[in-house]
Engineer: 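The structure is given below, and queries will be raised subsequently.
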Amino acid sequence: MTGRPHAGFHRRVFRMEQVITRFPPSPTGALHIGGARTALFNWLFARSRGGKFILRIEDTDIERSTEESVKAIIDAMEWLELSWDEGPYFQTHRLAVYREYAEKLLGSGHAYWCECSGEELEKRRNAALAEGRKPKYDGTCRSKGLDRAPNRVLRFRTPQTGTTILKDIIKGPIEFENSELDDLVILKSDGVPTYNFAVVIDDLTMGITHVIRGDDHVNNTPRQILIYKALGAKLPQFGHVPMIHGEDRSPLSKRHGATSVMEYKRMGFIPEALLNCLVRLGWSHGDQEIFSRQELIEKFSLETVGKSPSIFTMEKLLWLNAHYIKENSPQELTRLLKPFLAERNYPEKPDHFLAAAIHTLQPRTHTLVEMADAMRFYMVDGIEFEPEAAAKFLTADMSGVFSGLISELSKLETFDEASLEPVFRNTAQDLKVKLGKIAQPVRVALTGGTKSPGLFEIMEVLGKEAVIERLQKGLKYIETV
RNA sequence: GUCCCCAUCGUCUAGCCCGGUCCAGGACAUCGGCCUUUCACGCCGACGACACCGGUUCAAAUCCGGUUGGGGACGCCA
C-alpha cells in the first residue's frame with residue numbers, strides 16, 4: 001500500500017483509457033460487510049482492468065468522523081489485503097479545491113448563496129411532508145442575489161425542467177425528472193462541502209473513471225450528474241450495486257450480530273474466505289463457488305453483477321472458511337493461528353509441532369477459534385478428563401489393555417501411524433474386540449474427551465514419551481476408581 | 001406522501017438480454033445413507049423456487065402491463 005498524501009493533483013493529466021476506481025468510506029465507524037464488498041468490487045474492477053484503486057476518506061462530517069475509525073478502516077482493508085495505489089486522501093485536506101470549484105459554479109450562475117436557517121428549513125420540510133408534498137427546498141433565496149456572508153450556505157441551482165438520465169452499468173438506464181430535484185446545499189455555512197459536492201469534485205479531479213457504490217446512492221446520482229454538467233465535465237461511469245441485508249431483510253446493522261469486518265477476524269475467519277463469500281453476494285460466474293484472488297481478478301466483471309439485494313448469513317462463510325482451512329498449508333495456518341493460541345495462554349511449542357498438530361485438525365474445524373480450542377490437548381500437558389467420557393471409557397476392565405499397550409508401545413523404535421496401527425489392531429484381535437473398543441478409552445486418556453483426530457495421527461504428533469506418560473496417567477485413573 | 005430500484009429453492013445464485021434444449025441447474029443449510037477407531041472430511045441420495053394477475057405468442061422463468069411485497073432516497077449525514 002502506498003500512501004502519498006497530497007492534495008494538489010487536480011490539475012494532473014490522465015490517460016483516458018486507464019481505469020481508476022475508488023473506495024470512499026466515511027470514518028464514522030468500523031468497516032462493515034457492505035462497505036467491504038463495495039471496496040472489493042472497486043478493487044477487483046481496477047485490478048482486472050490493470051487500473052488504479054484509490055482510498056479516500058470522506059471526513060466532511062466533522063462531528064462524527066474520528067481518527068479511530070480511520071485506523072479501523074485501514075486495518076480492515078489491510079487485513080483483507082485490498083491494497084490501494086493512492087491515498088488515503090482526506091477530504092478535509094482538500095477544502096481549497098472544493099472552494100475553487102464552488103467559485104466556478106458561482107461565477108457561471110450555477111450556484112447562489114442562501115440565508116435560510118436550519119430551523120426554518122426544518123419547519124418547511126415538516127410542513128411539506130404533512131401536506132403530502134415532497135420536502136424539497138422551496139427556492140426562497142434562489143433569486144435574491146445574496147453575497148457571501150456568515151451563516152450562509154451555497155446552493156446549487158438545479159434546472160427545474162428536463163430529465164437527467166443515469167446510464168448505470170449494473171441497473172441499466174434510469175430516468176429522473178429534474179423537477180423532482182431541489183437546490184441542494186454544496187457548501188455548508190462553515191465552508192465545508194457537502195457529500196454530493198465533494199464526491200463530484202473528488203471523482204472529477206482524481207480522474208475516477210468508474211464510480212462503483214451501493215445503490216442507496218442512486219437517487220443522489222442525478223444531482224451529481226447535474227453538477228458535472230454545470231462544470232462542463234465529462235461523466236464517469238456509474239455502477240450501483242445492490243445492498244446487503246440482514247436475515248430479516250432490513251439493512252445490515254448492529255442488531256444483526258457481527259457486521260464489522262474485524263469482528264470476523266476475531267471470530268477466526270481468514271480473509272480469503274470472507275472475500276470469497278462477499279464477492280458471491282451479487283456477483284457470480286456460472287456455478288463456480290470457490291475463487292482464488294487471482295481468479296477473481298481474471299473473472300470479475302461489472303456486467304455480471306446482479307440487481308437484487310442479498311442477505312448475508314454466516315452459513316456459507318463458515319463452509320468457505322472450513323474449505324480454506326483445509327486447503328491452506330499447515331505452515332500458513334500456523335502463522336494465522338498463533339495469535340489465537342497466545343490468547344489462550346498455551347505453553348509455547350515449536351512451529352513444526354504446531355504445524356503437525358494443525359494438520360490433524362484441518363478437516364475438522366471451521367474457524368481458527370475452533371481450531372485453537374481443539375489444539376488444547378496438544379498444547380497442555382496436564383489435560384483433565386471430561387467426567388462423562390472418563391466414566392464411560394476409563395473403566396476397570398481396561399486396566400489390562402492399558403498396561404499391555406504401554407509395554408508394547410514402549411518397544412517401538414519408530415513411533416508413527418504406520419507402526420502404531422498394527423499394535424492396536426493386534427491387541428484388538430487378541431482380545432476379540434473391535435478396534436473401537438480399545439480406541440475410545442485410549443482417546444480419552446490422550447485427549448481428555450471422545451472426539452478427536454485419528455488416534456494414530458495424534459499419537460505420532462504427541463510423540464512416544466507424551467503418549468506413554470498419558471497412558472500411564474490413564475491407567476492410574478482406572479485403578480483408582 | 002413523492003420519486004427511484006428490486007422480485008427463481010430457507011439462504012447465495014445459474015438461466016432471463018437473443019422466448020422452445022428448464023416438469024428450472026449448482027452451492028450452503030437441513031434430512032437420510034455409505035465410509036469409519038471417535039468427531040469430522042469425503043462420497044451418494046432426498047427435501048426444496050420461477051411472488052400474483054392479465055397480455056403477446058403455436059410456445060414465457062424468459063417479452064409487455066398491472067397488483068402485491070421488499071428496499072432505497074427525499075439533511076448545512078455520507
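Predicted model only: the values in this text are computed from it and were never measured. Here is the naming used below: chain letters follow the sequence lines, and residue numbers restart at 1 for every chain.
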Engineer: Quick check: A:Trp84 with A:Phe23 (ring centres under 6.0 Å apart)?
Structural biologist: no

Engineer: Of the candidate nucleotides B:U37, B:C4, B:C12, which contains the atom at the shortest distance from the side chain of A:Gln440?
Structural biologist: B:U37

Engineer: Across all strands shown, which nucleotide pairs with B:A7 by Watson-Crick or G-U wobble geometry, both distances under 3.5 Å?
Structural biologist: B:U68

Engineer: When the distance from CG of A:Asn219 to C1' of B:C74 is rounded to whole Å, what number comes out?
Structural biologist: 8 Å

Engineer: Are A:Arg99 and A:Glu103 close enough for a salt bridge, meaning some N to O gap below 4.0 Å?
Structural biologist: no

Engineer: Distance between the C1' atoms of B:G75 and B:C9, in whole angstroms?
Structural biologist: 42 Å

Engineer: Base, sugar-phosphate, or nothing for A:Ser452, non-hydrogen atoms under 4.0 angstrom?
Structural biologist: base

Engineer: Is it the case that the ring center of A:Phe456 lies less than 6.0 angstrom away from the ring center of A:Phe424?
Structural biologist: yes

Engineer: Taking only the C1' atom of each, what is the distance from B:U38 to B:G70 in whole angstrom?
Structural biologist: 47 Å

Engineer: Has A:Arg280 got a side-chain N or O lying under 4.0 Å from the OP1 or OP2 atom of B:A27?
Structural biologist: no

Engineer: Look at all strands and tell whether A:Thr60 reaches a base, only sugar-phosphate, or nothing, counting heavy atoms closer than 4.0 Å.
Structural biologist: sugar-phosphate

Engineer: Base, sugar-phosphate, or nothing: which does A:Val218 touch, judged by heavy atoms less than 4.0 Å apart?
Structural biologist: sugar-phosphate

Engineer: Could you tell me the separation between the CD atom of A:Glu315 and the C1' atom of B:U13, rounded to a whole number of Å?
Structural biologist: 14 Å

Engineer: Please state the C1' separation for the pair B:G66 and B:U30 - nearest whole angstrom.
Structural biologist: 38 Å

Engineer: Could you identify the nucleotide paired to B:C39, looking across every strand shown and requiring Watson-Crick or G-U wobble geometry with both distances under 3.5 Å?
Structural biologist: none

Engineer: Would you check, one step at a time, whether the test side chain to side chain donor-acceptor pair (under 3.5 Å) holds for A:Asp202 with A:Tyr89?
Structural biologist: CA-CA 10 Å; A:Asp202 282 340; A:Tyr89 295 116; over 6 Å; no

Engineer: Any idea which of B:U37, B:C5, B:G75 is nearest the A:Arg125 side chain?
Structural biologist: B:G75

Engineer: On RNA chain B, nearest-nucleotide positions of A:Met243 versus A:Leu435: which is more 5'?
Structural biologist: A:Leu435

Engineer: Using a cut-off of strictly less than 4.0 Å, decide whether A:Thr194 has a side-chain nitrogen or oxygen near OP1 or OP2 of B:C76.
Structural biologist: no

Engineer: Would you say a side-chain N or O of A:Lys188 is under 4.0 Å from OP1 or OP2 of B:A78?
Structural biologist: yes

Engineer: Checking all strands, does A:Gly449 fall into the base, sugar-phosphate, or nothing category for heavy-atom contacts under 4.0 angstrom?
Structural biologist: nothing

Engineer: Apply side chain to side chain donor-acceptor pair (under 3.5 Å) to A:Tyr378 and A:Thr360, showing your working.
Structural biologist: CA-CA 11 Å; A:Tyr378 281 125; A:Thr360 69; 2.7 Å; yes

Engineer: Does A:Arg425 put a side-chain nitrogen or oxygen below 4.0 Å from OP1 or OP2 of B:U37?
Structural biologist: yes

Engineer: Can you tell me the Watson-Crick or wobble partner of B:A61, both distances under 3.5 angstrom?
Structural biologist: none

Engineer: What nucleic acid atoms does A:Pro24 come within less than 4.0 Å of, heavy atoms only: base, sugar-phosphate, or nothing?
Structural biologist: nothing

Engineer: Please report the distance separating the C1' of B:C6 from the corresponding atom of B:C50, rounded so that it comes out in whole Å.
Structural biologist: 15 Å

Engineer: On the side chain of A:Lys316, is there an atom forming a donor-acceptor pair with the base of B:C12 - under 3.5 Å, no angle test?
Structural biologist: yes

Engineer: Which heavy atom in A:Phe312 sits nearest to a heavy atom in A:Cys277, and how many Å separate them?
Structural biologist: CE1-SG, 4.1 Å

Engineer: Determine the Euclidean distance between corresponding C1' atoms of B:C44 and B:A7; express it in Å to zero decimal places.
Structural biologist: 34 Å

Engineer: Nearest whole angstrom, please: distance from the P of B:A27 to the CG of A:Leu318.
Structural biologist: 18 Å

Engineer: Contact class for A:Pro135 vs. all strands (heavy atom < 4.0 Å): base, sugar-phosphate, or nothing?
Structural biologist: base

Engineer: Taking the P atom of each, how far is B:G19 from B:C34, in whole Å?
Structural biologist: 48 Å

Engineer: Look at A:Lys451 together with A:Glu386 and state whether they make a salt bridge at an N to O cut-off of under 4.0 Å.
Structural biologist: no

Engineer: Has the side chain of A:Glu289 got a donor or acceptor that lies under 3.5 Å from a partner of the other kind on the base of B:G26?
Structural biologist: yes

Engineer: For B:U13, take OP1 and OP2 only and decide whether either is under 4.0 Å from a side-chain N or O of A:Ser310.
Structural biologist: yes

Engineer: Side chain of A:Tyr195, heavy atoms from C-beta onward: which of B:C76, B:A78, B:A14 has the nearest atom to it?
Structural biologist: B:A78

Engineer: Determine the Euclidean distance between corresponding P atoms of B:C23 and B:G32; express it in Å to zero decimal places.
Structural biologist: 31 Å

Engineer: Could you state the CD1-P distance from A:Ile290 to B:C12, rounded to the nearest angstrom?
Structural biologist: 18 Å

Engineer: Is there a donor on the side chain of A:Asp287 or the base of B:G25 sitting less than 3.5 Å from an acceptor on the other?
Structural biologist: yes

Engineer: Examine the base of B:G10 for any acceptor or donor lying under 3.5 Å from a partner atom in the side chain of A:Glu247, and report the outcome as yes or no.
Structural biologist: no

Engineer: Contact class for A:Phe312 vs. all strands (heavy atom < 4.0 Å): base, sugar-phosphate, or nothing?
Structural biologist: nothing

Engineer: Compare side-chain N and O positions of A:Lys134 against OP1 and OP2 of B:A73 and report whether any pair is under 4.0 Å apart.
Structural biologist: no

Engineer: Rounding to a whole Å, what distance do you find between A:Asp182:CG and B:U2:P?
Structural biologist: 18 Å

Engineer: What's the closest nucleotide to the side chain of A:Ile311 if the choices are B:C3, B:C12, B:G1?
Structural biologist: B:C12

Engineer: Base of B:A78, side chain of A:Asp216 - is there a donor-acceptor contact under 3.5 Å?
Structural biologist: no

Engineer: Assess the residue pair A:Arg94 and A:Thr205 against the criterion (side chain to side chain donor-acceptor pair (under 3.5 Å)); give the C-alpha distance rounded to whole Å, side-chain angles, the decisive distance to 0.1 Å, and a yes or no.
Structural biologist: CA-CA 11 Å; A:Arg94 296 167 45 79; A:Thr205 56; 2.8 Å; yes

Engineer: Rounded to the nearest Å, what distance is computed from the NZ atom of residue A:Lys171 to the P atom of nucleotide B:A73?
Structural biologist: 13 Å

Engineer: Which nucleotide, in any strand shown, forms a Watson-Crick or G-U wobble pair with B:A46, with both distances under 3.5 Å?
Structural biologist: B:U30

Engineer: Polar atoms only, N or O, under 3.5 Å: list the protein pairs with nucleotides 41-43 of chain B and their distances.
Structural biologist:
unit_1: B:C41; atom_1: O4'; unit_2: A:Pro363; atom_2: O; d: 3.4
unit_1: B:C41; atom_1: O3'; unit_2: A:Lys326; atom_2: NZ; d: 3.1

Engineer: Quick one: on RNA chain B, does A:Leu281 or A:Leu121 contact a more 5' nucleotide (nearest heavy atom)?
Structural biologist: A:Leu281

Engineer: Among A:Gln224, A:His210, A:Arg56, which residue satisfies the side chain to side chain donor-acceptor pair (under 3.5 Å) criterion with A:Asp203?
Structural biologist: A:Arg56

Engineer: What does B:U2 pair with, Watson-Crick or G-U, if both distances are under 3.5 Å?
Structural biologist: B:A73

Engineer: Can you tell whether the side chains of A:Arg223 and A:Asp182 come within less than 4.0 Å, N to carboxylate O?
Structural biologist: yes

Engineer: Please check this pair: side chain of A:Arg470 against backbone of A:Val444, looking for a donor-acceptor N/O pair closer than 3.5 Å.
Structural biologist: no

Engineer: Determine the interatomic distance between C1' on B:G65 and the same-named atom on B:C28; round to the nearest Å.
Structural biologist: 37 Å

Engineer: Nearest whole angstrom, please: distance from the P of B:G72 to the NE2 of A:His217.
Structural biologist: 13 Å

Engineer: Rounded to whole Å, how long is the line connecting atom NZ of A:Lys307 with atom P of B:C12?
Structural biologist: 18 Å

Engineer: Taking NZ, NE, NH1 and NH2 as the nitrogens, is one of them in A:Lys136 or A:Glu180 under 4.0 Å from a carboxylate oxygen of the other?
Structural biologist: no

